[in-house]
Amino acid sequence: MNKVILITGSSSGIGKETVKLFQTKNWKVAATMRTPEKADDLQRIADIECIRLDVTDVGSIKSAIQETIDKFGQIDAIVNNAGYGLVGTFEAATPEQIEKQFQTNVFGLMNVCREILPHFRERKRGTIVNVASVGGRITFPLYSLYHATKWAVEGFSESLHYEIRPFNIKVKIIEPGPIKTDFYERSQDLTTKEELDAYDGYVEKVFPRMQRSGENAPDGSLVAEVIYNAVTDGSWKMRYPANSRMLLTLRRILPNALFYWLIRQSTMR
Ligand SMILES: NC(=O)c1ccc[n+]([C@@H]2O[C@H](COP(=O)([O-])OP(=O)(O)OC[C@H]3O[C@@H](n4cnc5c(N)ncnc54)[C@H](OP(=O)(O)O)[C@@H]3O)[C@@H](O)[C@H]2O)c1
């Protein structure tokens, strides 16, 4: 019998590439997104069902899960991929921007976990894939709020694994480095406060440098392969870096002060 996967944030980037890859590997795919009516290309592919799901709307999560089970019979794995970056100085961010960042990247991901766990416990198996980031293990300037959400995802996922492993449910954390997607353009939310000009010189130097890391990056298909491996490798391994091994190794072996100096140097150039 074909296996079934539900993926959030499937309209673009990593989510969309992951939908396409699993379909080619003979999985049935629930490609969930906020506006499925725009996904003409995916709608035309066999074994892909485009379903509305906004991670901040619990009702839409419940009905997307039910629709997937009704259509395909079960769910074997879910990928919590939906997310975006709130970028800029912390002081310029509004409380509403901060709340939305956490509602999407953290509470949205938790909402999906809460709704899928009864199904996985009943089946005595299942895999939860949480797309965190290398930014869930290390930090860069101007991303304090995004990092706060991804560090939350790392901690949440790691602790969750203890209580769900006895039910034969796996948690996998994906840690991509920069990937060329809508993350650096359409999806990005910028913090700006007109009357606050104290940071202007710093932002003018560092922001373009951070944006460039996205321009020269690989595309989402690289992360889709890592997600496919995480779901199918049969192991209990938890963390899967993707184009981020070098940075994570440097973080592990360098003293803190030296690592922070390196990041300061490389982002101010
Ligand atoms: N690109 C990178 O450098 C990078 C690196 C590490 C980790 N990541 C993570 O990878 C994941 C995917 O990002 P991406 O790079 O593929 O960027 P992307 O192309 O901008 O994709 C983001 C997806 O999230 C969806 N989304 C946003 N808010 C949502 C909500 N409330 N409910 C459901 N879906 C929502 C977007 O849907 P709409 O089309 O409706 O906006 C879009 O499909 C994110 O969690 C991101 O943090 C990205």
Side-chain angles (χ1 to χ4, degrees), residues 1-11 14-15 18-19 21-23 25-36 42 47-83 102-132 136 149-174 227-240:
M1 198 159 106
N2 295 70
K3 294 208 166 175
V4 182
I5 191 161
L6 182 151
I7 301 167
T8 68
S10 299
S11 63
I14 294 168
T18 306
V19 166
L21 180 65
F22 272 83
Q23 191 273 343
K25 304 281 188 184
N26 294 322
W27 284 60
K28 309 266 187 200
V29 186
T32 76
M33 60 194 83
R34 290 191 284 197
T35 46
L42 291 182
D47 295 332
I48 295 178
E49 195 69 15
C50 294
I51 301 174
R52 196 186 93 77
L53 188 160
D54 180 332
V55 296
T56 65
D57 170 1
V58 176
S60 78
I61 298 171
K62 285 181 195 287
S63 53
I65 289 174
Q66 196 52 55
E67 198 177 325
T68 306
I69 295 170
D70 291 347
K71 172 87 186 169
F72 296 134
Q74 88 273 351
I75 299 174
D76 296 282
I78 57 151
V79 181
N80 277 309
N81 163 74
F102 276 82
Q103 288 294 352
T104 306
N105 293 11
V106 183
F107 306 136
L109 174 145
M110 290 178 180
N111 288 338
V112 177
C113 290
R114 190 187 307 106
E115 296 306 322
I116 198 64
L117 278 170
H119 181 66
F120 283 176
R121 279 192 296 99
E122 195 184 320
R123 300 190 73 230
K124 298 187 177 58
R125 63 173 174 273
T127 302
I128 294 173
V129 179
N130 289 336
V131 179
T149 66
K150 293 299 182 178
W151 283 55
V153 168
E154 290 268 353
F156 167 70
S157 308
E158 185 178 298
S159 176
L160 180 70
H161 107 275
Y162 293 114
E163 69 205 43
I164 62 178
R165 185 173 166 137
F167 299 101
N168 195 29
I169 303 169
K170 294 174 174 170
V171 178
K172 306 279 180 170
I173 307 171
I174 312 298
I227 293 173
Y228 184 75
N229 180 40
V231 172
T232 58
D233 69 3
S235 80
W236 287 92
K237 183 178 154 184
M238 193 186 302
R239 288 191 164 85
Y240 293 76

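Values below: all heavy atoms of this structure, side chains included; hydrogens, waters and symmetry mates excluded.
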Exercise. Please name all residues satisfying salt bridge (Lys or Arg N to Asp or Glu O under 4.0 Å) with D54, sequence neighbours left out, ordered by chain then number.
Key: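 Salt bridge (Lys or Arg N to Asp or Glu O under 4.0 Å) list for D54, sorted by chain: empty.
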Keeping the roles fixed (side chain from [X], backbone from [Y]), state whether a donor-acceptor pair exists under 3.5 Å.
{"X": "K237", "Y": "K172", "value": "no"}
{"X": "N168", "Y": "K124", "value": "yes"}
{"X": "K170", "Y": "S235", "value": "yes"}
{"X": "T8", "Y": "N81", "value": "yes"}
{"X": "S10", "Y": "T32", "value": "yes"}
{"X": "H119", "Y": "I75", "value": "yes"}
{"X": "N130", "Y": "N80", "value": "no"}

Practice problem: Check whether more than 12 heavy atoms from other residues, nucleotides or ligands sit under 6.0 Å from atom CD of E122, and answer yes or no. | Solution: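 Counting other residues, nucleotides and ligands, CD of E122 stays at 12 neighbours or fewer.
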To the nearest 0.5 Å, what is the distance between [atom1] on [X] and [atom2] on [Y]?
{"X": "I51", "Y": "I61", "atom1": "CD1", "atom2": "CD1", "value": "13.0 Å"}
{"X": "M110", "Y": "Q103", "atom1": "CE", "atom2": "CD", "value": "11.0 Å"}
{"X": "S60", "Y": "E67", "atom1": "OG", "atom2": "CD", "value": "11.0 Å"}
{"X": "T68", "Y": "Q74", "atom1": "OG1", "atom2": "CD", "value": "11.0 Å"}
{"X": "T149", "Y": "E154", "atom1": "OG1", "atom2": "CD", "value": "11.0 Å"}
{"X": "L160", "Y": "L117", "atom1": "CG", "atom2": "CG", "value": "6.5 Å"}

Quiz item: Which of these passes side-chain hydrogen bond (donor to acceptor under 3.5 Å, both in side chains) with D57: R34, K62, R52?
Solution: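 Of R34, K62, R52, side-chain hydrogen bond (donor to acceptor under 3.5 Å, both in side chains) with D57 is met by R52 alone.
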Residue pair [X] / [Y]: nearest heavy atoms and the distance that separates them:
{"X": "W27", "Y": "T232", "result": "CZ2-CG2, 4.0 Å"}
{"X": "G15", "Y": "I7", "result": "O-CG2, 4.1 Å"}
{"X": "T18", "Y": "I227", "result": "OG1-CD1, 3.6 Å"}
{"X": "K28", "Y": "N2", "result": "CG-CB, 3.8 Å"}
{"X": "D233", "Y": "Y240", "result": "OD2-OH, 2.6 Å"}
{"X": "Y228", "Y": "L21", "result": "CB-CD2, 3.6 Å"}

Side-chain heavy-atom pair [X], [Y] within 4.5 angstrom cut-off:
{"X": "D76", "Y": "T127", "answer": "no"}
{"X": "F22", "Y": "V231", "answer": "yes"}
{"X": "L6", "Y": "L53", "answer": "yes"}

Exercise. Walk me through it: do T104 and V55 pass the test side-chain contact (heavy atoms from CB on, under 4.5 Å)?
Key: CA-CA 6 Å; T104 306; V55 296; 4.1 Å; yes
Self-check item: salt bridge (Lys or Arg N to Asp or Glu O under 4.0 Å) between E158 and R239, intermediate numbers included
Solution: CA-CA 9 Å; E158 185 178 298; R239 288 191 164 85; 2.7 Å; yes
